[in-house]
Chemist: 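Okay, here's the structure, questions in a sec.
Computed from a prediction, not measured in an experiment: that's the story for all the values here. Along the sequence shown, residues are numbered consecutively beginning with 1.
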Amino acid sequence: MADGDLKTLALADLHKELGGKFVGFAGYSMPVQYPTGVMAEHLWTRENAGLFDVSHMGQVVLPADADLEALVPVDVLGLAEGRQRYGFFTNDTGGVLDDLMIARGPDGLFLVVNAGCKAADIAHLRAHMNGVEVIEDRALLALQGPKADAALAKLIPGAADMRFMDSTRMAWDGAELWISRSGYTSEDGFEISIPDKRAEAFARALLADDRVQPIGLGARDSLRLEAGLPLYGQDMTPSISPVEAGQAWAIGKVRRTGGDRAGGFPGAEVLLDQLANGAPRRRAGLLPEGRAPMRAGVEIFASPDTQTPIGVVTSGGFGPTLGAPMALALIAADTPKDIPLFGDVRGKRLPVAQTKLPFTPPGYKR
């Protein structure tokens with residue numbers, strides 16, 4: 001896609017003013033970093049509060065009685081008003097079409113879906129239910145980091161009382177904000193939907209706080225990878241199931257075999273079998289030796305000289321907080337968890353150690 005064909009964010013002028021460097025991502029011109037650079041932005045978020053513009057993501061409202069459970073292996077009916085839950089759309093083979101956040105508000109369900117999938121997600125929803133409302137006039141900001149609650153509470157005092165995965169509506173200077181205490185960095189923080197016309201004023205009010213700095217897509221990716229959080233399109237795809245991707249925890253008990261509302265979602269037969277008997281592949285956290293990251297696509301082997309790979313790196317990079325390279329891989333499920341593995345980097349087998357996830361401890365306020 002040519003640069004001129006890229007969509008722009010409501011805050012594009014502010015990002016330019018802040019020195020943002022832009023790249024094309026999911027059809028949008030997005031700030032990937034600011035003058036301090038990805039490393040500094042990552043560490044700032046881990047120690048202070050980072051402000052991310054994630055307005056490229058899709059925002060959708062469904063009627064309160066929408067049968068979303070028919071499309072996701074998630075306990076939607078049991079989701080209380082004012083709470084949010086992580087989930088995913090699945091296909092008939094148990095793969096993931098997209099992952100999403102689901103919040104129940106006073107008058108319906110509020111979904112946030114990935115930018116690259118939102119057109120397909122909306123078509124998928126409309127093929128199965130009525131009343132799908134696509135929100136086109138609201139920006140979406142994420143404020144993440146251990147000082148996020150103090151910074152947001154300075155503008156909206158009630159925000160500090162929210163629990164992890166609470167979702168509510170609050171007012172700021174006459175604008176209605178849809179706020180959830182969540183994010184995708186493993187830090188405490190908030191995601192805030194705000195009308196486009198008020199987004200710049202709100203962002204400037206947050207950035208006026210010395211604890212808050214703007215953060216781009218580059219640091220967002222390294223933060224989520226350190227947190228061991230899967231990225232749709234790499235760690236989860238239509239050919240990778242949520243069980244294989246390490247996200248089985250999100251499949252509600254009531255939707256599993258023996259549950260009150262077991263099955264009834266696309267790929268249920270495959271996923272319920274994987275939950276009961278194991279999936280053919282599993283997610284692994286890897287720590288390559290040395291300082292060189294192993295990127296997505298690197299094949300993983302069980303020994304320095306075997307010919308057949310047992311898996312592949314799905315996400316890889318350098319962890320600024322970890323101070324070392326890290327990777328997520330999808331490997332054969334019967335691979336012992338305590339053996340060293342080897343990544344093939346340009347024809348050279350380099351050792352990697354398997355490790356528990358996340359790579360860095362989470363900072364969620366529960």
Chemist: Give me the atom names and distance for the closest heavy-atom approach of Y232 to D99.
Modeler: CB-OD1, 3.6 Å
Chemist: Going through the distances and angles, do S241 and Q274 end up as a side chain to side chain donor-acceptor pair (under 3.5 Å)?
Modeler: CA-CA 9 Å; S241 80; Q274 289 186 355; 2.7 Å; yes
Chemist: Would you mind reporting whether M162 and M170 have side-chain heavy atoms less than 4.5 Å apart?
Modeler: yes
Chemist: Check this for me: F25, atom CZ, are more than 12 non-hydrogen atoms of other residues, nucleotides or ligands nearer than 6.0 Å?
Modeler: no
Chemist: Do you know which two heavy atoms are closest between S29 and L6, and how far apart they sit?
Modeler: N-CB, 3.8 Å
Chemist: State, yes or no, whether a side-chain contact exists between L77 and V254 at a heavy-atom distance under 4.5 Å.
Modeler: no
Chemist: Taking the cut-offs as 6.0 angstrom to the six-membered ring centre and 45 degrees off its axis, would you call R349 and F301 a cation-pi pair?
Modeler: yes
Chemist: Taking atom CG of D305 as the centre, does the number of heavy atoms from other residues, nucleotides or ligands within less than 6.0 Å exceed 12?
Modeler: yes
Chemist: Working to the nearest 0.5 angstrom, can you tell me the gap between R204 CZ and D209 CG?
Modeler: 15.5 Å
Chemist: Are more than 12 heavy atoms from other residues, nucleotides or ligands located less than 6.0 Å from atom CG of N130?
Modeler: no
Chemist: Go through the steps to decide whether D121 and L100 satisfy the test side chain to side chain contact (heavy atoms under 4.5 Å, CB included), and finish with yes or no.
Modeler: CA-CA 10 Å; D121 291 343; L100 70 156; over 6 Å; no
Chemist: Quick one, K147 and E187 - any side-chain contact, counting heavy atoms below 4.5 Å?
Modeler: no
Chemist: With a 3.5 Å distance limit and no angle check, can you tell me whether R224 reaches the backbone of Y184 through a side-chain donor-acceptor pair?
Modeler: no
Chemist: Would you confirm whether E176, through its side chain, and R169, through its main-chain N or O, come within 3.5 Å as a donor-acceptor pair?
Modeler: no
Chemist: With no hydrogens and no angle check, is any side-chain donor or acceptor of D344 less than 3.5 Å from a backbone partner on E299?
Modeler: no
Chemist: Keeping the roles fixed (side chain from E200, backbone from A10), state whether a donor-acceptor pair exists under 3.5 Å.
Modeler: no
Chemist: With distance as the sole test, does T314 use its side chain to make a donor-acceptor pair with the main-chain N or O of L328 at under 3.5 Å?
Modeler: yes
Chemist: Can you measure from CG (L231) to OG1 (T237) and round to the nearest 0.5 angstrom?
Modeler: 11.5 Å
Chemist: What do the steps show when you test D75 against R85 for salt bridge (Lys or Arg N to Asp or Glu O under 4.0 Å), and what is the final call?
Modeler: CA-CA 9 Å; D75 178 7; R85 188 161 285 162; 3.8 Å; yes
Chemist: I'd like to know if the side chain of R291 and the backbone of G323 have a donor-acceptor N/O pair within less than 3.5 Å.
Modeler: yes
Chemist: Please answer whether the main-chain N or O of G246 pairs with a side-chain N or O of R282 as donor and acceptor at a distance below 3.5 Å.
Modeler: no
Chemist: Please tell me whether Q84 and S182 have a donor and an acceptor in their side chains that are separated by less than 3.5 angstrom.
Modeler: yes
Chemist: Got a second to check how far I331's CD1 is from K337's NZ, nearest 0.5 Å?
Modeler: 9.0 Å
Chemist: So, taking the atom named OG1 in T306 and the one named CZ in F342, what distance separates them when rounded to the nearest 0.5 Å?
Modeler: 8.5 Å
Chemist: Check the pair S193, Q59 against side chain to side chain donor-acceptor pair (under 3.5 Å), reporting the backbone distance first and the verdict last.
Modeler: CA-CA 9 Å; S193 172; Q59 302 181 61; 2.6 Å; yes
Chemist: With D188 as reference, evaluate R181, R46, R163, K365 under the salt bridge (charged side-chain N to carboxylate O under 4.0 Å, His left out) test and give the passing residue.
Modeler: R181
Chemist: Hey, mind stepping through R283 and Q247 against side chain to side chain contact (heavy atoms under 4.5 Å, CB included) and telling me if it holds?
Modeler: CA-CA 9 Å; R283 184 181 64 163; Q247 303 303 90; 3.9 Å; yes
Chemist: For the CD atom on E269, are there more than 12 heavy atoms of other groups (residues, nucleotides or ligands in this structure) within a distance under 6.0 Å?
Modeler: no
Chemist: Just do the side chain to side chain contact (heavy atoms under 4.5 Å, CB included) check on T185 and F52 with the steps written out, would you?
Modeler: CA-CA 11 Å; T185 63; F52 304 77; 4.2 Å; yes
Chemist: Would you call V212 and N48 a side-chain contact if the rule is heavy atoms closer than 4.5 Å?
Modeler: no
Chemist: Can you find a heavy atom in the side chain of S167 that is under 4.5 Å from one in the side chain of F110?
Modeler: no
Chemist: With heavy-atom distances below 4.5 Å as the criterion, would you say the side chains of V243 and L275 are in contact?
Modeler: yes
Chemist: I'd like to know if the side chain of R198 reaches the main chain of L177, judged simply by a donor and an acceptor atom lying under 3.5 Å from each other, with no hydrogens or angles considered.
Modeler: no
Chemist: Does the side chain of P320 reach to within under 4.5 Å of the side chain of S222, using non-hydrogen atoms?
Modeler: yes
Chemist: Distance from Q213 atom CD to W44 atom CH2, nearest 0.5 Å?
Modeler: 4.0 Å
Chemist: Grouping I, L, V, M, F, W and Y whenever their side-chain heavy atoms are under 4.5 Å apart, do V72 and V113 come out in a common cluster?
Modeler: yes
Chemist: Please verify the inter-ring angle class for Y86 with W249; under 30° counts as parallel, over 60° as perpendicular, anything in between as tilted.
Modeler: parallel
Chemist: Do the charged groups of R83 and D166 touch, with an N to O distance under 4.0 Å?
Modeler: yes
Chemist: Is the closest side-chain heavy-atom distance between L9 and F22 below 4.5 Å?
Modeler: no
Chemist: Is E226 reaching over with its side chain to a backbone N or O of P361, donor-acceptor style, under 3.5 angstrom?
Modeler: no
Chemist: Hey, does the side chain of Q144 reach the backbone of G50 with a donor-acceptor pair shorter than 3.5 angstrom?
Modeler: no
Chemist: Might you point out which heavy atoms bring R104 and L79 nearest each other, and give the distance in Å?
Modeler: NE-O, 2.7 Å
Chemist: Given the rule in the side chain to side chain contact (heavy atoms under 4.5 Å, CB included) test, do M57 and N114 qualify, once you have shown the distances and angles that lead to the verdict?
Modeler: CA-CA 5 Å; M57 302 183 78; N114 282 301; 3.8 Å; yes
